[in-house]
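Keep in mind that the numbers below use all heavy atoms, side chains included, and drop hydrogens, waters and symmetry copies. Letters A, B, ... are given to chains in the order of the sequence lines, protein chains preceding strands, and every chain is numbered from 1.
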Amino acid sequence: MNIEKKLRTAASSAIHSIYNYDVKNEDIQIQSTSNEYDGYFTILLFSFSKKFNEDPGMIGKKIGNYFIEHEDFIEDFNVEKGFLNIDINKLSWLKLFYNISSDDNWGFKKDLGKELMVEFSSPNTNKPLHLGHLRNIFLGDSISRILKAVGYKVHKVQIINDRGIHICKSMIAWIKFGKGDSPEKSGMKGDHFVGKYYVLFQKELNRQIQKQIKKGKTEEEAEKNAEIFLEAKDLLIKWENRDPEVRKLWKLMNNWVYDGFDKTYKTLGVNFDKIYYESETYLYGKKEVEKGLNKNIFFQKEDNSIWVDLNKHGLDNKLLVRSDGTSVYITQDIGTAILRFRDFPKIEKQIYTVGNEQEYHFKVLFKILEIQGFDWAKECFHLSYGMIDLPSGKMKSREGTVVDADKLLKEMVHISAKRTKELGKINDFNKDEQKLLFEKIALSAVKYFLLKIDPKKSMLFDPNESIDFQGNTGPFIQYTYARIISILERSKNIGIKDDFDINVNVNDINEFEKKIIYLLSVFPDKISIAASEYSPSIIANYIYDLSKAYNRFYQEISIFKEEDSETIIFRISLSRTVSKVILNGMKLLGINMTNKM
RNA sequence: GGUCCCGUAGCUCAACUGGAUAGAGCAACUGCCUUCUAAGCAGUAGGUUACAGGUUCGACUCCUGUCGGGAUCACCA
């Protein structure tokens, strides 16, 4: 039973009866009542004031009185300015609650038979993942779960930037300084191992540049002509020409990186349905560009470079293939996009989880695909998110201020272990259980920290302050959940039947319980909004509100001291339902819960 | 310079898409553990929503301008 719908119907019939005016149900504005006023549902009356040439407060009183006389589900009302605040009766609250408690999939929609694709993570293969990647990965993973919750079949994919000058830089440094070392021999994680050589390349490059500058060259000249840079470029050309030795090393080093990434993904609890590699798609993109050239939607300059003119769409001319025939970044993106729609013909659109620095790139990409005649291009969406800044400013790999993902996670596990031990509530945990718990708490802290903020906004991370465990945080929600589980355990142990149904005769429902039921009732709306806005932060903040409301209830109301046995059943069921929504809501954020902490 | 985004308590973020006296957390201060987990709860203090206009019953939200910050406009990715 949908209360808002009932209220709309009731209000329109009230208006019809009082003013002899027909108003559509959807034209009646309803919102939740502000905390300072009595009531839980509020009808806005301002828009009727002109129509009936009457003070909105008076309209509210008339409608309210009509409700009391004609609508028995309405318990009470008050009018403040143009706001008609309403409380419903006990039976309606119980019905509303029963509707939620008896539905194990509360908030989740049935399969729509529609498909879509979400791209996220998609790192370069020359260095390990950092905090920015974590925001990307959690966002992409969470939005995939949320879209699934509203009924889509979701394909999670990556495009791995496995080819290009960046990996050649690591390769040449390894050839020069590696002496046959490997992750196995050195005991390093593969991505960090390869990253080390990327850094070595930069160091050597700088050394050579400084040397040349001393000899009187400009910085630009020095960089272009630095020996190690030329060697890296040479490797790239050899790679393009499929030199077997170079390809062999390339494969070896990329696999080291993938090994490392896989370990990180595993600790993060994310996975992908299909992985695309740029080395396999970039030629495909070139073919599509040539097709467009033949169709005259692109044009070629005298030097053989291929371009698209997007000026009439408010964008610029964009290069698609270089004069030497090699492809640029967008070439492979065109190819990959088309390939994906061929691989998955049923997908309606693709969602690209990529930082906001690439907004222009995606505008251009979608427009090009549209010009090429792909109808789905209009549906594609760039899930753009803001950068993570440090108190000192931007993260810069050159200045070594990048927050390494693996290191951060390790630190968080360490902090959560320390804290948990201090509180001393888990003495019955064995070593394995402890480890699992510390990891869960740490990961929930990091994921929640990154997901609670609106993706569009850039955010700040202070490595010195690390990530909180109190207040609006993952651990706070874990804690609330663990408390509820503890109550449910106890009720089971003392033999209370958790079999609430509509016939259970509850004495009274207090304000804390009403607030909780109200919050539970809006869970489906929150999922819908999160999906349509591509914003997991809606879910995160909602779960926080629900947890707070439950903690308040927990503090004020003693469940087991209650004398009326039916009220106890109701409260146990209420607790169980809150735990269910917390569990499912957090699952949408990709966060696993612990039963005890 | 063109285009786009952002500016809310000391700090980090919300605000149901135009609704009530702008809310939380952190930091500070004050209470609450012989009672279901104190990683909790309650309270005090903290604001001209960058600034100036406009639109209307009503603006953090929409429009215009100004100031401040960021991104982007590569034969880089």
Query raised in the report: Which residue lies toward the 5' end of RNA chain B, E80(A) or W307(A), if each is placed at its nearest nucleotide?
Result: E80(A)
Query raised in the report: To the nearest Å, how far apart are R135(A) CZ and rU12(B) P?
Result: 14 Å
Report task. Check salt bridge (Lys or Arg N to Asp or Glu O under 4.0 Å) between D55(A) and all other residues, then give those that pass, not counting sequence neighbours. Result -> none
Requested in this report: Based on the glycosidic angle (syn within 90° of 0, else anti), state the conformation of rC33(B).
Outcome: syn
Report task. Give the rounded distance in Å between these two atoms: CD of Q478(A) and P of rG40(B). Result -> 13 Å
Query raised in the report: On a whole-Å scale, what distance lies between the P atoms belonging to rG69(B) and rA74(B)?
Result: 24 Å
Query raised in the report: Mind checking what makes side-chain contact (heavy atoms from CB on, under 4.5 Å) contact with D38(A), not counting sequence neighbours?
Result: N78(A)
Requested in this report: Indicate, yes or no, whether a donor-acceptor pair under 3.5 Å links the base of rA20(B) to the side chain of T42(A).
Outcome: yes
**Report entry** Closest nucleotide among rA20(B), rA77(B), rA39(B) to the H361(A) side chain
**Finding:** rA77(B)
Query raised in the report: Does S49(A) make a side-chain donor-acceptor contact with the base of rC57(B), cut-off 3.5 Å?
Result: no
Query raised in the report: Does a side-chain N-to-carboxylate-O contact under 4.0 Å join K127(A) and D191(A)?
Result: no
Query - Neighbour count >12 (heavy atoms, 6.0 Å) for atom CG, N53(A) - result: no
Query raised in the report: In whole Å, what is the span from the CD1 atom of I529(A) to the C1' atom of rA14(B)?
Result: 14 Å
Requested in this report: With P as the reference atom in both, quote the distance from rU55(B) to rU12(B) in angstrom, rounded to an integer.
Outcome: 35 Å
Requested in this report: Respond yes when some side-chain nitrogen or oxygen of R552(A) is under 4.0 Å from OP1 or OP2 of rA24(B), and no when none is.
Outcome: no
Query - Atom-to-atom span, CD of Q29(A) to P of rC16(B) - whole angstrom - result: 13 Å
Query - 5'-most by nearest nucleotide on RNA chain B - N161(A) or N78(A) - result: N78(A)
Query - Spacing of the P atoms in rU8(B) and rA50(B) (rounded, Å) - result: 6 Å
Report task. Flag yes if more than 12 heavy atoms outside E26(A) fall under 6.0 Å of its CD atom; otherwise flag no. Result -> yes
Query - d(NZ, K224(A); P, rC76(B)) in whole Å - result: 10 Å
Query raised in the report: E223(A) CD to rA74(B) C1': how many Å, rounded?
Result: 15 Å
**Report entry** I487(A) to F560(A) - nearest heavy-atom pair and separation
**Finding:** O-CZ, 3.7 Å
Query raised in the report: Is the closest basic N to carboxylate O distance between K318(A) and D309(A) below 4.0 Å?
Result: no
Report task. Check if the side chain of T420(A) and the base of rA39(B) share a donor-acceptor pair of N or O atoms closer than 3.5 Å. Result -> yes
Query raised in the report: Taking atom P of rC75(B) as reference, at what distance in whole Å does atom CG of L236(A) sit?
Result: 17 Å
Requested in this report: Let me have a per-nucleotide readout for nucleotides 26-38 of chain B, 5' to 3', with B, S or -, counting only protein heavy atoms under 4.0 Å.
Outcome: S--------BBBS
Report task. Please work out whether the ring planes of Y542(A) and F523(A) are parallel, tilted or perpendicular, with thresholds of 30° and 60°. Result -> parallel
Query - Whole-Å C1' distance, rA14(B) and rA24(B) - result: 7 Å
Report task. Have a look at K394(A) and say if it touches a base, only the backbone sugar-phosphate, or nothing, with a 4.0 Å heavy-atom cut-off. Result -> sugar-phosphate
Requested in this report: Using the P atom on both, measure rU61(B) against rG18(B) and round to a whole Å.
Outcome: 11 Å
Report task. Can you establish whether the number of heavy atoms outside K497(A) located under 6.0 Å from its atom NZ is more than 12? Result -> no
Query raised in the report: So, F83(A) and rG19(B): ring centres less than 5.5 Å apart, planes less than 30° off, yes or no?
Result: no
Query raised in the report: Counting any heavy atom closer than 4.0 Å, what does N85(A) reach on the DNA or RNA strands: base, sugar-phosphate only, or nothing?
Result: base
Query raised in the report: When you look for runs of 3 or more Watson-Crick or G-U pairs in a row, both distances below 3.5 Å, which of them include RNA chain B?
Result: B:1-7 with B:67-73, B:10-13 with B:23-26, B:28-32 with B:40-44, B:50-54 with B:62-66
Query raised in the report: Above 12 or not: heavy atoms from other molecules or residues under 6.0 Å from NZ of K61(A)?
Result: no
Report task. Check whether any side-chain N or O of K50(A) sits under 4.0 Å from OP1 or OP2 of rC57(B), and answer yes or no. Result -> yes
**Report entry** Y360(A) side chain reached by L365(A) side chain, heavy atoms, under 4.5 Å
**Finding:** no
Report task. Examine rC41(B): is either OP1 or OP2 under 4.0 Å from a nitrogen or oxygen in the side chain of N551(A)? Give yes or no. Result -> yes
Report task. For S537(A), answer base if it contacts any base atom (sugar-phosphate contacts may also be present), sugar-phosphate if it contacts only those atoms, and nothing otherwise; contact means non-hydrogen atoms under 4.0 Å. Result -> nothing
Requested in this report: Verify the contact: side-chain N or O of K548(A) to OP1 or OP2 of rC41(B), cut-off strictly under 4.0 Å; return yes or no.
Outcome: no
**Report entry** Span that lies between the P atom of rA59(B) and that of rU49(B), in whole angstrom
**Finding:** 11 Å
Query - Protein-to-nucleotide contact annotation, 5' to 3' order, nucleotides 2-9 of chain B [B base; S sugar-phosphate only; - none; under 4.0 Å, heavy atom] - result: --S--S--
Query raised in the report: When all nucleic acid strands are considered with a 4.0 Å heavy-atom cut-off, which category describes I453(A): base, sugar-phosphate, or nothing?
Result: sugar-phosphate
Report task. Using the side-chain contact (heavy atoms from CB on, under 4.5 Å) rule, pick out the option among V257(A), T125(A), N254(A) that qualifies with V194(A). Result -> V257(A)
**Report entry** Lys/Arg-Asp/Glu bridge criterion (N-O < 4.0 Å) met for R8(A), D27(A)
**Finding:** no
Query raised in the report: Taking the six-membered ring of Y385(A), is NZ or CZ of R135(A) closer than 6.0 Å to its centre and within 45° of its axis?
Result: no
Query raised in the report: When all nucleic acid strands are considered with a 4.0 Å heavy-atom cut-off, which category describes L315(A): base, sugar-phosphate, or nothing?
Result: nothing
Report task. Please state whether the base of rA14(B) and the side chain of D545(A) form at least one donor-acceptor pair under 3.5 Å? Result -> no
Report task. Check every strand shown and say whether D389(A) touches a base, only sugar-phosphate, or nothing at a heavy-atom separation below 4.0 Å. Result -> nothing
Query - Minimum-distance nucleotide (side-chain atoms of F476(A) versus rC41(B), rA71(B), rA20(B)) - result: rC41(B)
Query raised in the report: Using atom P of each nucleotide, how far apart are rU56(B) and rG68(B) to the nearest Å?
Result: 32 Å
Report task. Compare the aromatic ring of Y37(A) with the six-membered base ring of rA20(B) and state whether they stack according to the 5.5 Å and 30° rule. Result -> yes
Query raised in the report: Just how far, in rounded Å, is C1' of rA77(B) from CG of L365(A)?
Result: 14 Å
Report summary line: side chain to side chain donor-acceptor pair (under 3.5 Å) pairs touching residues 545-557 of chain A, sequence neighbours excluded, are T480(A)-N551(A), R483(A)-N551(A), Y550(A)-S575(A), R552(A)-E556(A)
Query raised in the report: Say you pick atom C1' in rU72(B) and the same atom in rC16(B); how far apart are they, in whole Å?
Result: 33 Å
